[in-house]
Student: 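Let me give you the structure first, and then I'll get to my questions.
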There are 2 protein chains.
Amino acid sequence: MSAPTERRYHHGQLRSALLAAAERSLREHGAGQLSLRELAREIGVSHAAPRRHFADRQALLDALAETGFRRLETELRAAAERPGADFPRRLRATVTAYVRFATEDAALLDLMFRAKHRPGADQVVAAAAPALGAMEQLIVEGQAAGVIVAGDPERVGVVLFATMLGITALINGEFVPPDRLDDTIDTAVEQFLRGVRPG
Amino acid sequence: MSAPTERRYHHGQLRSALLAAAERSLREHGAGQLSLRELAREIGVSHAAPRRHFADRQALLDALAETGFRRLETELRAAAERPGADFPRRLRATVTAYVRFATEDAALLDLMFRAKHRPGADQVVAAAAPALGAMEQLIVEGQAAGVIVAGDPERVGVVLFATMLGITALINGEFVPPDRLDDTIDTAVEQFLRGVRPG
DNA sequence: ACCTGGAAGTAGTCATGGGCAACAAAGTAG
DNA sequence: CTACTTTGTTGCCCATGACTACTTCCAGGT
């Protein structure tokens with residue numbers, strides 16, 4: 001019967017352990033402070049071990065960004081697909097879900113956006129698309145429900161998406177205090193719906 | 001008669017030379033790649049010389065952020081205060097000025113926002129306020145002109161500000177191609193004005 | 001003129017971190 | 001059992017930020 005924390009030569013789950021530790025470090029200290037050697041020390045492996053799983057520091061960050069997009073998509077869809085609620089509520093819930101994700105994991109979001117337009121980050125770009133699709137789908141449904149003016153959903157939706165991103169930036173930059181978050185989202189959604197109302 | 005490029009022991013303008021070189025490096029390679037030693041080499045001074053003018057790397061970045069806010073304020077006010085133009089035009093010009101600043105100096109803007117909510121960056125915070133004031137003033141004028149609903153200008157303006165920031169993020173993240181920038185701004189301003197129209 | 005103190009720049013050191021290469025251990029397939 | 005592959009280790013090099021002690025230069029007072 002061996003103790004579960006026994007130090008073995010082969011860690012066995014190093015890749016996922018690295019990702020988990022990196023995610024925590026990212027949340028606590030930001031991407032700039034994240035050090036592969038530090039992660040290795042925490043986990044209890046040698047400083048070169050991470051290299052077997054990630055070619056370099058950037059590769060680890062890219063992997064984080066990729067899973068980040070997947071998690072974001074999941075949370076957006078969960079918020080948007082709440083049956084029974086009317087469109088404004090669903091819209092507000094989705095925006096709230098995005099902003100919460102983006103403020104709780106500000107450094108991760110940073111990484112996600114940055115990675116997207118870096119050459120060679122194909123995996124990340126591929127992971128980004130579905131998350132954005134969740135937003136566009138919501139716009140289309142709003143048009144079908146008759147509360148959003150017809151036309152290219154991307155053209156209309158991009159403004160909503162922008163506002164959402166901007167609120168995030170305002171919260172993270174502490175231009176808006178956290179306790180005014182809900183109110184700000186309410187105002188933004190309300191103004192948006194007035195701005196895109198048909199007729 | 002000494003040659004102007006003569007190598008003297010005292011550079012004389014090292015501080016401003018560092019800032020200029022840093023601004024260029026920031027634009028070309030981003031904040032992460034900016035190295036004090038590299039700047040020193042470019043300028044032709046020893047690796048420890050920058051320390052006389054900036055306590056550490058962060059202090060240099062803070063100084064960049066500070067001048068960035070001042071430049072932003074100047075550009076925003078120039079765009080907003082164009083006499084003779086009607087309110088929507090001035091609003092659109094201001095938003096365009098912001099987005100142009102933010103996309104041409106994406107890394108700098110990053111720095112500005114990041115520095116603002118870092119403890120000890122008092123100078124940066126102080127420099128940020130007037131720039132934001134330029135936006136709020138514009139909203140107040142819109143209310144006076146009767147094209148924006150009355151009420152707390154900050155509450156109304158924060159959504160505009162957020163949308164502006166978001167468009168920036170979308171361009172920088174390459175979710176929106178640069179050639180659709182003007183169209184996106186037009187749509188956003190139009191929707192905003194419809195959303196906050198009195199009555 | 002001199003000298004004296006401070007500002008500005010230099011040289012050398014240390015610690016940390018990324019990246020690479022050679023080696024060792026552990027699993028796996030034949 | 002042996003050969004191959006994967007995974008982790010040790011040791012190295014190099015760049016950087018930060019610190020200290022030393023040097024050069026300038027300016028102001030006498």
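Here is the naming used below: chain letters follow the sequence lines, and residue numbers restart at 1 for every chain. Because the structure is a prediction, the values reported are computed rather than measured.
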Student: Would you mind telling me which of C:dG9, C:dG18, D:dT9 lies closest to the side-chain atoms of A:A49?
Tutor: D:dT9
Student: Between C:dT10, C:dG12, D:dG8, which one does the side chain of B:H47 approach most closely?
Tutor: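 Of the candidates, C:dG12 comes closest.
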Student: So which pairs with a foot in residues 102-114 of chain B pass salt bridge (charged side-chain N to carboxylate O under 4.0 Å, His left out), sequence neighbours left out?
Tutor: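 For residues 102-114 of chain B: A:D110-B:R114, A:R114-B:D110, B:R27-B:D105, B:R71-B:D105, B:D110-B:R114.
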Student: Looking only at side-chain atoms of A:R37, point me to the closest of C:dG19, D:dG8, C:dT10.
Tutor: C:dG19
Student: Under 3.5 Å, which protein N or O atoms sit close to an N or O of nucleotides 20-28 of chain D? Give each pair with its distance.
Tutor:
unit_1 : atom_1 : unit_2 : atom_2 : d
D:dT23 : O2     : B:Y9   : OH     : 2.8

Student: Side chains of A:H29 and A:L34, heavy atoms from C-beta outward: is any pair under 4.5 Å?
Tutor: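 A side-chain contact is absent here, since even the closest heavy-atom pair is not under 4.5 Å.
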Student: What is the distance, rounded to the nearest whole Å, between atom CZ of A:F54 and atom P of C:dG19?
Tutor: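 Distance, rounded to whole Å: 13 Å.
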Student: With a 4.5 Å heavy-atom cut-off, do B:V95 and B:V99 have their side chains touching?
Tutor: yes
Student: Which part of the nucleic acid, if any, lies within reach of B:L34 when heavy atoms closer than 4.0 Å are counted: base, sugar-phosphate only, or nothing?
Tutor: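 Counting heavy atoms under 4.0 Å across all strands, the contact made by B:L34 is with sugar-phosphate only.
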Student: Is it true that B:E73 and B:R70 make a salt bridge, defined as a side-chain N closer than 4.0 Å to a carboxylate O?
Tutor: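 So B:E73 does not pair with B:R70 through a salt bridge.
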Student: Could you tell me whether B:E190 and B:R194 have a side-chain N and a carboxylate O separated by less than 4.0 Å?
Tutor: no
Student: Sorted by first residue and then second, give each salt bridge (charged side-chain N to carboxylate O under 4.0 Å, His left out) pair with at least one member in residues 157-174 of chain A; sequence neighbours left out.
Tutor: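 Qualifying pairs, neighbours excluded: none.
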Student: When the distance from NE2 of A:H29 to C1' of C:dG17 is rounded to whole Å, what number comes out?
Tutor: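 Going from NE2 in A:H29 over to C1' in C:dG17 covers 16 Å.
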Student: Could I get the full list of salt bridge (charged side-chain N to carboxylate O under 4.0 Å, His left out) partners for B:R51, not counting sequence neighbours?
Tutor: none
Student: Of the options C:dG17, D:dT9, D:dT16, whose atoms approach the side-chain atoms of B:R41 most closely?
Tutor: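 My answer, after comparing the listed nucleotides, is D:dT16.
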Student: C:dG18 P sits how many Å from A:Q58 CD, rounded?
Tutor: 12 Å
Student: Expected output is a numbered-order residue list: members of residues 12-23 of chain A with a heavy atom under 4.0 Å from any atom of DNA chain D. What is it?
Tutor: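 By residue number: A:G12, A:L14.
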Student: Return the value, rounded to whole Å, for the distance between atom CZ of B:R57 and atom P of C:dG17.
Tutor: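 It is 15 Å, rounded to the nearest whole Å.
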Student: CG of A:L36 versus C1' of C:dT16: gap in Å, rounded?
Tutor: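 For the pair A:L36 CG and C:dT16 C1', the rounded distance is 13 Å.
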Student: Just the rounded figure in Å: distance from P of C:dG18 to CD of A:Q33.
Tutor: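 In whole Å, C:dG18 P lies 11 Å from A:Q33 CD.
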Student: Hey, which sits more toward the 5' end of DNA chain C by its nearest nucleotide, A:E38 or A:A55?
Tutor: A:E38
Student: Just list the side-chain donor-acceptor pairs under 3.5 Å for residues 140-152 of chain B, sequence neighbours left out, or say none.
Tutor:
unit_1 : atom_1 : unit_2 : atom_2 : d
B:E141 : OE1    : B:R90  : NH1    : 3.2
B:E141 : OE1    : B:R90  : NH2    : 2.4
B:E141 : OE2    : B:Q137 : NE2    : 3.2
B:Q143 : NE2    : B:V149 : O      : 3.1
B:Q143 : NE2    : B:G151 : O      : 3.0
B:D152 : OD1    : B:E154 : N      : 3.0

Student: Which one, D:dG11, D:dT16, D:dA18, comes nearest to the side chain of B:S35?
Tutor: D:dT16
Student: Parallel under 30°, tilted from 30 to 60°, perpendicular over 60°: which one fits the rings of B:F175 and A:F113?
Tutor: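 Correct class here is tilted.
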Student: For the side chain of B:D56, starting at C-beta, report the closest nucleotide among D:dA18, C:dG18, D:dT10.
Tutor: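 My answer, after comparing the listed nucleotides, is D:dA18.
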